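Heads up, the thing below is written out as structure tokens.
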Amino acid sequence: MSSNVRKAVSRVRNKSDYYDYNLLAVVILLTCFGLVMLYSTSAYMAELKFGNDMEYFGKQALISAVCILLAIFVSFVDYHILFSLGGLIYVVAFISMALVQSPLGVEVNYARRWLKIGPIQFQPSEIAKIAVIVFVPIMIVKMGKRFRGMKACVPPLVFGGVLSLAAYLFTENLSTAIIIAGITCLIVFVAHPKTAPFILIVLAVSIIIGVAIFFLSQTLESSESFRLRRILVWLNPEKYPEEGGYQILQALYALGSGGLFGKGLGNSAQKLGPVPEAQNDMIFSIVCEELGIFGGAIVLLMFGYLIYRLFFIAQNAPDLFGSLMVVGIMSHISLQVILNICVVLNLIPTTGITLPFISYGGTSVLFLMMEMALALSVSRKIRFQKEERDLWGDVR
């Protein structure tokens with residue numbers, strides 16, 4: 001067969017456009033599952049509190065639908081535009097957290113972590129997560145080949161640490177501060193060519209924390225710091241029911257009573273009051289009570305697939321900036337899921353971290369969807385080489 005005929009029957013396409021519909025699908029699936037569980041979890045308390053069992057569900061459903069459509073629209077914007085806006089986002093995040101201590105700050109559930117500007121009320125610490133996901137990769141990309149020795153890790157760690165410290169000081173939100181610091185460290189770890197020093201640092205820090213918890217637990221009885229006393233509640237929740245132990249115990253009861261396949265959707269007893277604010281950070285306990293270990297495992301599998309899709313995008317991203325941003329998003333989702341479930345299982349002290357896409361919270365949904373939009377935007381730039389085949393399917 002002549003080369004002219006071969007060219008006639010087979011057009012050459014060196015590259016193919018890509019869009020990660022799998023990521024979009026799992027995000028929509030998690031959101032829909034979250035809405036079902038939110039209604040099941042919150043209907044009774046919403047009826048008592050507002051006289052409308054759809055109060056929480058209605059708000060979350062509307063926000064989720066708008067945010068998904070917004071995320072799809074934003075995903076078609078080139079993410080490289082953020083390379084010149086990263087510094088501005090960082091400054092906005094810092095200033096907005098500082099404003100929480102001004103008259104614009106609002107206290108909700110005894111915590112001053114919100115800003116209210118006109119009709120809009122949001123948590124500025126969520127902006128800080130986006131800021132660190134964008135700004136730290138920009139710093140690393142600009143350093144280029146200079147990002148080799150351990151000293152090179154200092155600038156991105158410092159800038160990430162400043163936002164983490166601001167989240168703790170201005171919004172008194174230790175859990176968010178931990179997540180911001182964790183995102184920064186994981187981005188730096190993935191970008192740095194050396195692995196051994198980081199492993200040694202993690203081991204050393206783990207040992208120090210373990211020893212500190214052991215000695216603190218011997219002297220915390222007289223401490224007035226509620227954060228330090230959380231360690232006592234974590235170690236012995238039965239002894240401190242009025243200081244947070246009650247919520248943990250009820251969550252554990254919900255987990256245990258669900259068994260393998262649960263009591264059935266809508267049949268939870270713990271959501272009727274024993275687990276306070278069950279629609280927030282303790283919603284996973286209700287999932288396990290109604291759907292059992294099987295339902296909890298399905299949730300973890302969905303999150304696992306979400307992380308896998310993010311890993312795939314990061315691995316195939318066309319440049320280091322896009323890859324590291326997706327690593328930051330993957331780190332955020334992973335840390336938040338792990339910490340939330342560990343709290344529900346009483347493996348770590350309570351932190352108030354919500355379960356992504358499932359717990360109630362409009363601000364959380366908005367910024368999570370913006371992170372997904374960034375990941376989808378990076379996925380659009382992925383190009384795969386296509387094999388050119390002749391009439392008989394032979395690779396040329």
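Since this is a predicted model, take the numbers as computed values, not measurements. The figures that follow rest on heavy atoms only: side chains count, while hydrogens, waters and symmetry mates do not.
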Joint hydrophobic cluster, [X] plus [Y], side-chain heavy atoms closer than 4.5 Å:
X    : Y    : answer
V141 : L85  : yes
V344 : Y360 : no
V337 : I187 : yes
M139 : V158 : yes
L320 : M330 : yes

[X] [atom1] to [Y] [atom2] distance, which is reported to the nearest 0.5 Å:
X    : Y    : atom1 : atom2 : result
I286 : N267 : CD1   : CG    : 12.0 Å
I338 : F303 : CD1   : CZ    : 11.5 Å
Q123 : W114 : CD    : CH2   : 4.0 Å
L335 : C342 : CG    : SG    : 10.5 Å
L345 : N340 : CG    : CG    : 9.5 Å
I130 : I329 : CD1   : CD1   : 7.0 Å

Can you tell whether the side chains of [X] and [Y] come within less than 4.0 Å, N to carboxylate O?
X    : Y    : answer
E172 : R113 : no
K381 : D319 : no
K271 : E290 : yes

Scan the side chains in residues 68-75 for donor-acceptor partners under 3.5 Å anywhere in the protein, sequence neighbours excluded, and list what turns up.
from, atom 1, to, atom 2, distance (Å)
S75, OG, Y19, OH, 2.8
S75, OG, I72, O, 2.6

Measuring centre to centre across the rings, with the benzene-like ring taken for any Trp, is F33 within less than 6.0 Å of F357?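 No, they do not, as the ring centres are separated by 6.0 Å or more.
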
Are F122 and F367 an aromatic pair by the rule of ring centers under 6.0 Å?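 For F122 and F367, the ring centres are not under 6.0 Å apart.
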
Run the numbers on N22 and Y305 for side chain to side chain contact (heavy atoms under 4.5 Å, CB included), then give the verdict. CA-CA 9 Å; N22 293 322; Y305 187 70; 3.4 Å; yes

Taking all heavy atoms of [X] and all of [Y], pick out the closest pair and write down the distance.
X    : Y    : result
L35  : Q60  : CD2-CG, 3.6 Å
A152 : P155 : O-CD, 3.3 Å
P124 : S96  : CB-OG, 3.3 Å
L324 : P137 : CB-CB, 3.7 Å
H80  : D78  : ND1-OD1, 2.8 Å
P156 : M143 : CD-SD, 4.4 Å

Contact check, side chains of [X] and [Y], non-hydrogen atoms, under 4.5 Å:
X    : Y    : result
T176 : T171 : no
Y39  : Y56  : no
L291 : V299 : no
L306 : L30  : yes
L115 : V100 : yes
F159 : V136 : no
V36  : L265 : yes
L376 : S379 : yes

Between I293 and L255, does a side chain to side chain contact (heavy atoms under 4.5 Å, CB included) hold up when you go through it step by step? CA-CA 8 Å; I293 296 174; L255 288 165; over 6 Å; no

Quick check: does any side chain N or O of [X] sit under 3.5 Å from a backbone N or O of [Y], one acting as donor and the other as acceptor?
X    : Y    : result
S42  : L38  : yes
N346 : I248 : no
T184 : I180 : yes
H332 : I183 : no
E47  : D53  : yes
S64  : A61  : no
S257 : A254 : yes
S164 : A177 : yes
S331 : V327 : yes
Q336 : T354 : yes

Parallel under 30°, tilted from 30 to 60°, perpendicular over 60°: which one fits the rings of F261 and F294?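 Judged by the thresholds at 30° and 60°, the geometry between F261 and F294 is tilted.
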
Is the ring pair F135/Y90 parallel, tilted or perpendicular, if the boundaries are 30 and 60 degrees?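 F135 and Y90: tilted rings.
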
Show your reasoning for whether side chain to side chain contact (heavy atoms under 4.5 Å, CB included) applies to Y168 and N173. CA-CA 5 Å; Y168 176 70; N173 195 338; over 6 Å; no

For atom [atom1] of [X], decide whether the heavy atoms of other residues, nucleotides or ligands shown that lie under 6.0 angstrom number more than 12.
X    : atom1 : value
L200 : CG    : yes
I120 : CD1   : no
F311 : CZ    : no

Applying side chain to side chain contact (heavy atoms under 4.5 Å, CB included), run through V134 and F83 and close with a yes or a no. CA-CA 8 Å; V134 173; F83 200 84; over 6 Å; no

Distance-only donor-acceptor check, side chains Q270 and E289, under 3.5 Å: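 No, because no side-chain N or O of Q270 sits under 3.5 Å from a partner of the opposite role on E289.
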
Candidates V27, I28, T31, L24 - the one meeting side chain to side chain contact (heavy atoms under 4.5 Å, CB included) with M372: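 Option passing the side chain to side chain contact (heavy atoms under 4.5 Å, CB included) with M372: V27.
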
Could you work out, with salt bridge (charged side-chain N to carboxylate O under 4.0 Å, His left out) as the rule, every residue matching K59, not counting sequence neighbours?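 Residues passing salt bridge (charged side-chain N to carboxylate O under 4.0 Å, His left out) with K59: E55.
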
Using the side chain to side chain donor-acceptor pair (under 3.5 Å) criterion, which residues pair with D20? Sequence neighbours excluded.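 Once residues adjacent in sequence are excluded, the partners of D20 under the side chain to side chain donor-acceptor pair (under 3.5 Å) criterion are Y18, R309.
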
